[in-house]
Amino acid sequence: MEKHSDVSWKEDQVMVQLHHSVDHAAEAVGQAYTNPTKERINDAFEKIEKAERSCKNAIESRGSSEPVLELQTKLAKSKDELNQLH
């Protein structure tokens with residue numbers, strides 16, 4: 001059985017990963033808007049997919065907590081922006 005601190009640490013790591021993934025996706029979308037090449041658009045789609053997987057992992061680990069929902073909202077905004085570009 002895992003210690004409580006071990007579980008908390010793993011949950012914190014999941015949130016850190018989610019935060020980074022969502023930020024990287026938003027940055028990639030911004031770069032695609034600045035320079036809408038096929039490569040930048042594809043990179044943005046890939047980073048959004050990775051962030052979506054991170055969201056799924058966070059929900060499985062922590063449930064639909066407020067921080068997770070806020071990051072999901074930010075990711076959805078980035079995804080909408082990219083879909084408007086593409």
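The basis for the numbers below is simple: all heavy atoms, side chains too, and nothing from hydrogens, waters or symmetry mates.
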> Testing Lys47, Arg53, Glu46, Glu52 for side chain to side chain contact (heavy atoms under 4.5 Å, CB included) with Lys50, which one passes?
Replying inline: Arg53
> Any donor-acceptor pair under 3.5 Å linking the side chain of Ser21 with the backbone of Gln17?
Replying inline: yes
>> Ignoring hydrogens, what is the shortest heavy-atom contact between Leu71 and Met15? Give both atom names and the distance.
In response: CD1-CE, 4.0 Å
> Is Val29 close to Leu85 at the side-chain level, that is, under 4.5 Å between some pair of heavy atoms?
Replying inline: no
>> Can you confirm whether Glu66 is buried at CD, in the sense that more than 12 heavy atoms of other residues, nucleotides or ligands lie under 6.0 Å from that atom?
In response: no
>> Please give me the minimum heavy-atom distance between Gln72 and Ile59, naming the atom from each residue.
In response: NE2-CD1, 3.4 Å
> Looking only at heavy atoms, what is the nearest atom pair of Ala58 and Val14, with distance?
Replying inline: CA-CG1, 3.3 Å
>> For a quick test of reading the model, state the closest non-hydrogen atom pair linking Leu75 to Ala25 and the distance between them.
In response: CD1-CB, 4.1 Å
> From Arg40 CZ over to Leu82 CG, what is the distance, rounded to the nearest 0.5 angstrom?
Replying inline: 13.0 Å
>> So, taking the atom named OG in Ser78 and the one named CD in Glu27, what distance separates them when rounded to the nearest 0.5 Å?
In response: 11.0 Å
>> Quick check: closest heavy atoms across Asn83 and Phe45, and the distance to 0.1 Å?
In response: OD1-CE2, 3.8 Å
> Would Lys74 and Asp23 satisfy side chain to side chain contact (heavy atoms under 4.5 Å, CB included), going step by step from the backbone distance to the final call?
Replying inline: CA-CA 9 Å; Lys74 182 177 178 180; Asp23 287 346; 2.6 Å; yes
>> Quick check: do Asp12 and Arg62 have side-chain heavy atoms less than 4.5 Å from each other?
In response: yes
> Which heavy-atom pair separates Tyr33 from Glu81 by the least distance, and what is that distance?
Replying inline: OH-O, 2.9 Å
>> Could you walk me through whether Leu18 and Cys55 satisfy the side chain to side chain contact (heavy atoms under 4.5 Å, CB included) test, starting with their C-alpha distance in whole Å, then the side-chain angles of each, then the deciding distance to 0.1 Å, before giving a yes or no?
In response: CA-CA 6 Å; Leu18 173 58; Cys55 277; 3.4 Å; yes
>> Quick check for you: to the nearest 0.5 Å, what is the distance between Asp43 atom CG and Glu39 atom CD?
In response: 10.0 Å
